[in-house]
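Note: hydrogens, waters and symmetry copies are ignored here, and every other heavy atom, side chains too, is used. The sequence lines fix the lettering, A, B, ..., with proteins before strands; numbering per chain opens at 1.
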Amino acid sequence: MNDLYLAAVINTTFRYTTPVLFAALGSLFCTKAAVFNVALEGQLLAASFVAIVANYYTNNAFISLLAGVGAGAFIAWIVAVFQIKWKVRDMVVGTAMNLLVQSVTAFLMQIIFGSRGTVQGFGMVPLTKINPTFLKFSPFLYRMFEDLSTIDYLGYIVAIIIFIYFYKTVSGFHHLSVGISGTAADSLGINSQRIQIRAVVISGILCGFGGVVHAMGNVTVFAENMTSGRGFIAMGAASMAQSHSLVAIASSLFFGTMLSLSKTLQGYINSYFTEAIPYLCTVLAITIYGVIISIQKRRAKKIL
Amino acid sequence: MDEFKKRKLVDDVASPLIAILAGLLVGAIVMLLTGTDPLHAYGEMFTKSFFKPYYLAETLVRSAPIMLSGVAAAVAWRAGYINLGMQGQMCVGGLVATVMALYLPIDSWWGTVLCFAGGMTAAALFALIPTYLDYKFNASLIITTLMLNYAINHVTNYFVAYPMRDPAGDGMAQQSIQIAKSMRFFRFSNKNAMNSSVFVAVLVVLLMYFVFTKTKFGYESKITGLNKHFAQYGGIKSMKTMFQTMALSGALSGFAACIEIFGVRYRYVNSMFSSTGYAWTGLMAMLIAGYNPLLTLVYSIFLAGLNIGGTALQRTVGVPMQIADIIQCCITLFVSVRILHEFKQMQANKTPARVGGKKGGTT
């Protein structure tokens with residue numbers, strides 16, 4: 001394995017991290033307002049699909065991005081209305097919504113493109129790529145950051161913005177207070193319901209970015225059910241980060257690495273097993289995380 | 001029958017009916033948008049799912065694994081343990097049963113029984129993995145069960161793609177060889193797919209109704225689902241209930257998989273449980289039924305009919321068959337809101353006292 005190959009693997013890792021990171025940020029944004037959003041998967045998939053459809057008709061990356069983000073937000077809004085306004089159980093809304101998006105995208109795919117499976121070509125354009133020419137002096141670093149899109153970098157910036165929002169602004173403070181106790185926040189004149197709905201819609205916008213990158217970041221393609229559990233992987237990432245947006249970067253990078261390994265190891269191990277790696281690692285990771293937390297709790301008890 | 005019971009019955013029957021009508025309405029709107037006549041399409045859909053013997057047989061056969069996985073989900077969900085891994089448990093159960101049927105020196109009906117036992121045990125043990133992780137390490141059951149679905153689907157596909165692959169056939173099909181004829185379920189005629197597995201499935205669902213309502217285990221799991229702390233206070237061991245419910249849920253999923261393999265397919269086919277989505281349809285059926293096994297049975301047949309009708313619709317009218325899934329998801333969503341309940345609430349809120357005193361916004 002030479003250096004450039006390693007750089008290429010790291011490059012793929014960045015690409016795979018972005019959708020997970022965005023969805024994880026969306027997940028923790030909801031969790032911080034005491035909303036358990038299970039429909040992340042659906043939000044991602046809807047965004048991917050609508051972005052590709054917009055791309056097919058306009059061949060314009062920016063319009064596709066807007067359309068994808070809008071679709072994510074729209075699905076999230078429906079989820080918010082059901083879950084928060086009508087008080088339907090989160091699991092029921094989430095599962096039904098994920099399945100609904102899955103079937104609607106498969107349905108529309110056949111109506112619009114007349115095919116099942118994958119959609120590719122049609123002069124569709126990918127997202128704008130940034131090439132760090134100032135890194136040309138080192139081929140390794142250059143390869144690492146080659147051809148990443150603007151949205152890939154945006155993910156890390158958004159994580160920092162969310163951190164600042166939560167801990168440095170009044171509005172973010174209200175958001176956190178709703179997460180700790182909705183009724184207490186209500187009694188102080190904060191409209192907790194509105195904040196929760198807003199949180200879910202923002203998670204939809206974030207997932208929208210993730211979904212668009214997933215469909216248009218590398219090869220511009222849509223495949224039936226192409227998010228394949230990334231929404232749930234992101235939930236794992238968010239819970240491992242204990243809903244802290246900066247830690248979420250680290251946990252998302254971990255899952256990004258696993259997703260990238262599942263592709264790059266295909267040359268060495270049978271692809272059926274490598275495909276299973278990210279999912280098994282998610283199970284393993286949240287288990288290890290649980291062990292660490294329980295040890296911490298035990299220690300805390302001893303000190304007391 | 002007293003007034004309260006009567007009102008509850010009306011709610012239980014009317015809410016799903018309204019939701020089903022609303023779901024069909026959404027389907028009609030979707031069809032209109034794609035330029036199909038919804039009345040014609042629905043006519044086609046229901047004739048080719050319930051009103052012709054061939055298609056009715058298809059529907060009933062299709063409903064068997066759906067109702068079983070629905071009841072499997074209901075077992076876990078009503079006890080408060082969100083099992084989303086029915087699909088993965090079906091994969092494990094199905095594969096183990098197929099391996100036993102193909103490579104062990106067994107045949108005839110007792111061979112089938114052995115394979116069922118093996119498949120169900122394997123699926124139950126597989127369901128206990130995430131349960132143990134949740135109990136011991138607090139790893140969210142929702143995420144782990146769902147992640148294992150994807151993982152195990154790839155792993156089981158490996159077996160039919162390499163070691164167990166049927167060498168005959170056109171190199172494209174990734175499937176195992178067929179199980180012995182003597183171990184298959186009895187087919188009533190050569191004209192349609194109807195076979196005795198459907199009756200076995202219905203019997204098991206009825207048995208589960210008995211378990212849910214008349215046994216100590218059913219009571220304990222229900223109370224645990226309603227209020228874990230109250231259950232513990234009342235002397236119910238939460239750990240025991242958790243492992244029992246999840247094992248039963250897994251075993252039922254495995255049973256569903258065996259029914260499909262020994263009754264219809266006779267072999268393990270690549271992605272046979274992930275592409276058909278039995279587990280998810282079953283989950284929706286049990287959500288519409290509100291965890292009730294008998295109603296799950298009824299709605300499973302209805303949803304299976306939608307799927308079969310949807311497939312026919314794709315062939316004849318040209319509407320993609322996912323229209324059935326869309327309708328199913330919409331029905332589930334509408335039932336979950338309990339439209340009737342919301343409407344009554346809205347009427348109740350309109351009393352002068354409420355309207356006068358409220359400033360709007362939060363309720």
Peer 1: Please flag which part of B/L283 lies under 4.5 Å from any non-hydrogen atom of chain A: side chain, backbone, both or neither.
Peer 2: side chain
Peer 1: Side chain, backbone, both or neither: which part of A/F232 has a heavy atom under 4.5 Å from chain B?
Peer 2: both
Peer 1: Between B/L84 and chain A, with a heavy-atom cut-off of 4.5 Å, which part of the residue counts as in contact: side chain, backbone, both or neither?
Peer 2: side chain
Peer 1: Please state whether the side chain, the backbone, both or neither of A/E41 comes within less than 4.5 Å of a heavy atom of chain B.
Peer 2: side chain
Peer 1: Heavy-atom distance under 4.5 Å between the side chains of A/L100 and B/D325, does that happen here?
Peer 2: no
Peer 1: If we only count heavy atoms from C-beta on, is the B/I82 to A/R89 side-chain gap below 4.5 Å?
Peer 2: yes
Peer 1: Given that the side chain runs from C-beta out, which part of A/S294 has a heavy atom under 4.5 Å from chain B: side chain, backbone, both or neither?
Peer 2: neither
Peer 1: Does A/R116 have any side-chain contact (heavy atoms from CB on, under 4.5 Å) partners at least two apart in sequence or in another chain, and if so, which?
Peer 2: A/Q110, A/E224, B/M321, B/Q322
Peer 1: Select one option (side chain, backbone, both, neither) describing which atoms of B/T34 are under 4.5 Å from chain A's heavy atoms.
Peer 2: side chain
Peer 1: Can you tell which part of A/T274 gets under 4.5 Å to a heavy atom of chain B, answering side chain, backbone, both or neither?
Peer 2: neither
Peer 1: Given that the side chain runs from C-beta out, which part of B/I326 has a heavy atom under 4.5 Å from chain A: side chain, backbone, both or neither?
Peer 2: both
Peer 1: Below 4.5 Å from any heavy atom of chain A, which atoms of B/L146 appear? Answer side chain, backbone, both or neither.
Peer 2: side chain
